[in-house]
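A short write-up of the structure that comes next.
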Amino acid sequence: MADSPRTPLSLREQPVGKGAEAPPLPARQQEDLRRYLPGVEPERQLTDWGRSERVEGLLDRTLVEFYYRYWFRAEVEGIENVPATGGALLVSNHSGALPPDASMIGKAIREEHPHPRPLNITVEHFFKGYPGFSMLIPKLGCVAAHPANVHRLLYDEEQLVLVFPEGRKGTEKLYKDRYRLRRFGRGGFVEAAMRARVPIVPVCVVGAEEAQPIFAQLKLLKKLTGLLYVPLTPTFPHFGPLGMLGYLPAKFKLRFLEPIHFDEEGMHEDKGLVQTTAHEVRARIQEGLFDMVAKRESVWFG
Amino acid sequence: MPSQRILITGLSTYWGGRLAQALEADPSIEAIIGVDNEEPSVELERTEYVKVGTQHALLRRVVDAAEIDTVVDTRLVVDSATTSSRKAHENNVIGTMNILAACTGRGSSVRKVVFKSSSHFYGSEQDDPAFFDESMGRPHPPGTPIERDILEAEASVAEFADKSPDVNVTILRFANVLGPRVRTSLIELFSLPAVPMILGFDPRYQFVHEDDVVHALEHATQRQLPGIYNVAGDGVLALTEVAGLLGKPYAPILPPWGTGIAASVLRRIGLDFPSEMLAQLRFGRGLDNRRYKAAGFEYGYTSREAVLALAEHLRLHPLLRSSAEPYRYEREVEEFLRWSPNVRNGTRRPLSVSPQARVAGLASSPPVDHYDDLRPDEIISLISSLEPQALAALREYENGHHGRAAVIGAIDSAIARSQASDTAPGA
């Protein structure tokens with residue numbers, strides 16, 4: 001009897017991570033596990049994601065409130081485009097060295113929406129590696145931008161998720177490139193929305209570029225400190241780390257555009273459709289931004 | 001096909017012993033045979049202990065002779081502090097291979113293998129998903145010997161499943177275990193006056209209570225559940241939250257850089273941080289436990305309740321330490337009780353509670369007034385004043401209603417003491 005060659009047990013021969021997934025062990029059927037989600041324990045102050053109502057609320061009442069109401073004097077239109085129930089993926093442009101746009105979008109939904117809902121902000125994994133940040137970031141409702149995390153939030157938990165498809169390319173860009181969107185990643189966010197069959201709500205944010213303009217990237221300091229990037233802003237790095245919070249009082253305008261719905265099953269497997277949709281979303285945000293900037297009379301007073 | 005003739009490998013481990021005890025209560029199981037190098041550490045009623053390590057030729061003879069249909073492997077070492085990495089490798093990788101070898105081959109009677117694994121399979125890294133599900137592999141190659149062992153052991157189980165399509169193979173990946181009776185490095189750390197942390201990191205932890213571990217193994221043994229399942233209580237806690245539940249402060253004594261060096265310095269003064277734990281102390285880990293719930297398993301404890309149960313135990317521990325007598329396996333006595341023709345009714349453990357008695361216990365009123373309002377430490381201080389019959393009733397009631405391990409343990413030791421004093425004059 002000719003045996004098939006035995007797979008050696010050494011790990012190098014095994015595709016790492018796939019080692020335990022031989023056919024007779026179905027790792028996971030496509031079953032709906034939503035009803036098995038853990039229940040809420042009212043005694044807890046943190047969610048399973050590490051979000052802390054206490055820390056978030058404290059910051060919301062103080063710093064975020066101050067910036068939203070008095071410093072940036074945020075103006076919101078189209079808030080009705082954010083669905084009151086069910087999952088939805090908010091997609092926004094991104095800018096500023098320590099971007100204030102995410103917290104302003106979250107605050108806008110809490111303040112203006114008839115059904116205020118928590119917003120989950122996706123951030124890059126490297127925050128988890130920075131001491132201090134790693135502790136604080138999840139408490140404020142930020143989750144790592146892992147496809148599995150986004151899917152669980154959108155599909156299983158039916159929550160709002162905010163993504164910045166420009167990612168780091170958006171926050172790195174210089175003042176001269178303001179309001180010109182970078183490449184939208186690889187369309188992973190569209191795939192996530194399609195897989196979870198939730199709408200995408202494009203969001204345009206005007207004002208963040210002027211609130212913290214980046215004049216240059218300091219490559220040498222970046223190498224020395226090992227940080228992601230060391231931008232030169234009006235207050236950083238010469239005023240120290242707190243200079244990262246030094247925003248200029250630009251007028252903030254947020255516009256939530258009409259949602260794009262994906263109701264068919266299996267759309268995410270069509271890569272062409274994913275890319276087309278990603279371009280479409282990007283074009284809508286870009287168009288909205290140009291429209292808003294064109295109508296703006298003053299950077300500081302709107 | 002229900003399991004009727006079960007072989008437990010690793011009977012002397014805490015899990016092997018607990019599982020054997022749990023399976024003994026099921027009358028549909030004909031035979032429970034446990035193998036290990038060392039003697040059982042818990043009292044067993046009808047489980048037969050055979051002193052065999054993981055030599056596959058010997059195991060094969062046991063399996064064939066007893067017509068074993070189900071093998072439950074509880075031996076995996078998942079805590080590198082308990083033994084040397086060479087011994088752990090021997091046990092985890094070579095041992096698993098040998099046990100699987102004893103189940104393969106033409107005409108083997110084995111139809112089900114349940115393998116106890118660990119969520120250390122997934123590791124702890126910066127770019128991990130917040131909840132690992134069973135289909136996700138390990139994103140990065142393993143960095144510590146124990147994790148490498150776990151991956152290799154699981155790989156050989158998967159290969160076995162691949163080659164033996166008629167055998168039902170279940171892998172259970174358990175989260176960090178907490179409970180009053182089990183000892184792990186993590187529980188050692190939680191027993192310290194303050195919970196040690198890495199400065200600037202607040203990892204997410206998920207736990208499973210020791211009773212849930214036993215029930216999960218039992219659940220897989222009694223059903224046909226091919227595949228991999230995560231076993232972890234509901235809820236993922238931040239470590240600061242755990243410290244709060246334990247009622248302890250947290251101490252960020254490990255620096256964020258040079259953590260390994262600091263840990264090796266602390267090891268000198270007796271604080272052991274196994275290397276797989278350091279990664280978890282930094283990045284934490286969450287598991288998606290829904291698949292095993294969908295398979296019909298119900299957890300007795302959430303992560304939070306598991307921590308609270310541990311906290312209760314840690315507070316009681318100083319009171320109970322002296323009263324607990326460790327069990328010792330006496331080969332001659334066990335053999336006499338099992339096989340001597342003169343034994344008429346001795347094989348029953350005097351204190352075992354049958355399922356019927358448990359139901360009766362549920363219905364009856366508490367043996368002590370306002371019993372339900374008492375705290376465990378109050379109950380324990382009360383125990384010494386009770387008569388043996390009242391103790392038995394109390395134990396039954398506690399078992400049926402609250403099931404607090406600490407209280408039951410205290411009652412047991414009180415009963416044992418009263419029996420010893422009864423028999424002493426006659427002996």
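Below, read A as the first sequence line, B as the second, and so on, with proteins coming before strands; counting in each chain starts at 1.
- Heavy atoms of B/Q126 lying under 4.5 Å from chain A belong to its backbone as well as its side chain.
- For B/R290 against A/D156, the heavy-atom pair with the smallest separation is NH1-OD1, 2.8 Å.
- For A/Y130, the part lying near chain B is the backbone, with the side chain staying farther off; criterion is any non-hydrogen pair under 4.5 Å.
- Neither the backbone nor the side chain of A/L136 comes within less than 4.5 Å of any heavy atom in chain B.
- With respect to chain B, the highest number of heavy-atom pairs below 4.5 Å among A/V143, A/V40, A/L46 belongs to A/L46.
- Not a single donor-acceptor pair under 3.5 Å links the side chain of B/D127 to the backbone N or O of A/H125.
- When heavy atoms are compared at a cutoff of 4.5 Å, A/S52 does not approach chain B at all.
- More than 12 heavy atoms of other residues, nucleotides or ligands sit less than 6.0 Å from atom CZ of A/F126.
- Neither the backbone nor the side chain of B/S303 comes within less than 4.5 Å of any heavy atom of chain A.
- Residue-environment remark: CG (A/L221) exceeds the threshold of 12 foreign heavy atoms within 6.0 Å.
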Carefully, step by step, assess A/K128 and B/D128 under the rule side chain to side chain contact (heavy atoms under 4.5 Å, CB included).
CA-CA 10 Å; A/K128 228 173 135 186; B/D128 280 348; 4.3 Å; yes

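- Applying the 6.0 Å contact sphere to CZ of A/R168 captures more than 12 heavy atoms from other residues, nucleotides or ligands.
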How far apart are the C-alpha atoms of A/R44 and B/L237, what are their side-chain angles, what is the distance that settles it, and do they pass the side chain to side chain contact (heavy atoms under 4.5 Å, CB included) test?
CA-CA 9 Å; A/R44 287 188 62 190; B/L237 313 175; 3.4 Å; yes

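- For A/E53, the CD atom is loosely surrounded, since the number of other residues' heavy atoms within 6.0 Å does not exceed 12.
- Of the two parts of B/E125, only the backbone, made up of N, CA, C and O, holds a non-hydrogen atom closer than 4.5 Å to a non-hydrogen atom of chain A.
- With a 4.5 Å cut-off on non-hydrogen atoms, B/L239 does not touch chain A at all.
- B/N168 does not touch chain A: none of its heavy atoms, backbone or side chain, sits under 4.5 Å away.
- The greatest number of non-hydrogen atom pairs below 4.5 Å with chain A, out of B/P256, B/A130, B/G286, B/G233, is found for B/A130.
- Considering every non-hydrogen atom in both A/D48 and B/V236, the closest pair reads OD1-N, 3.0 Å.
- The contact between B/T302 and chain A is made entirely by side chain atoms (from C-beta outward), counting heavy-atom distances below 4.5 Å.
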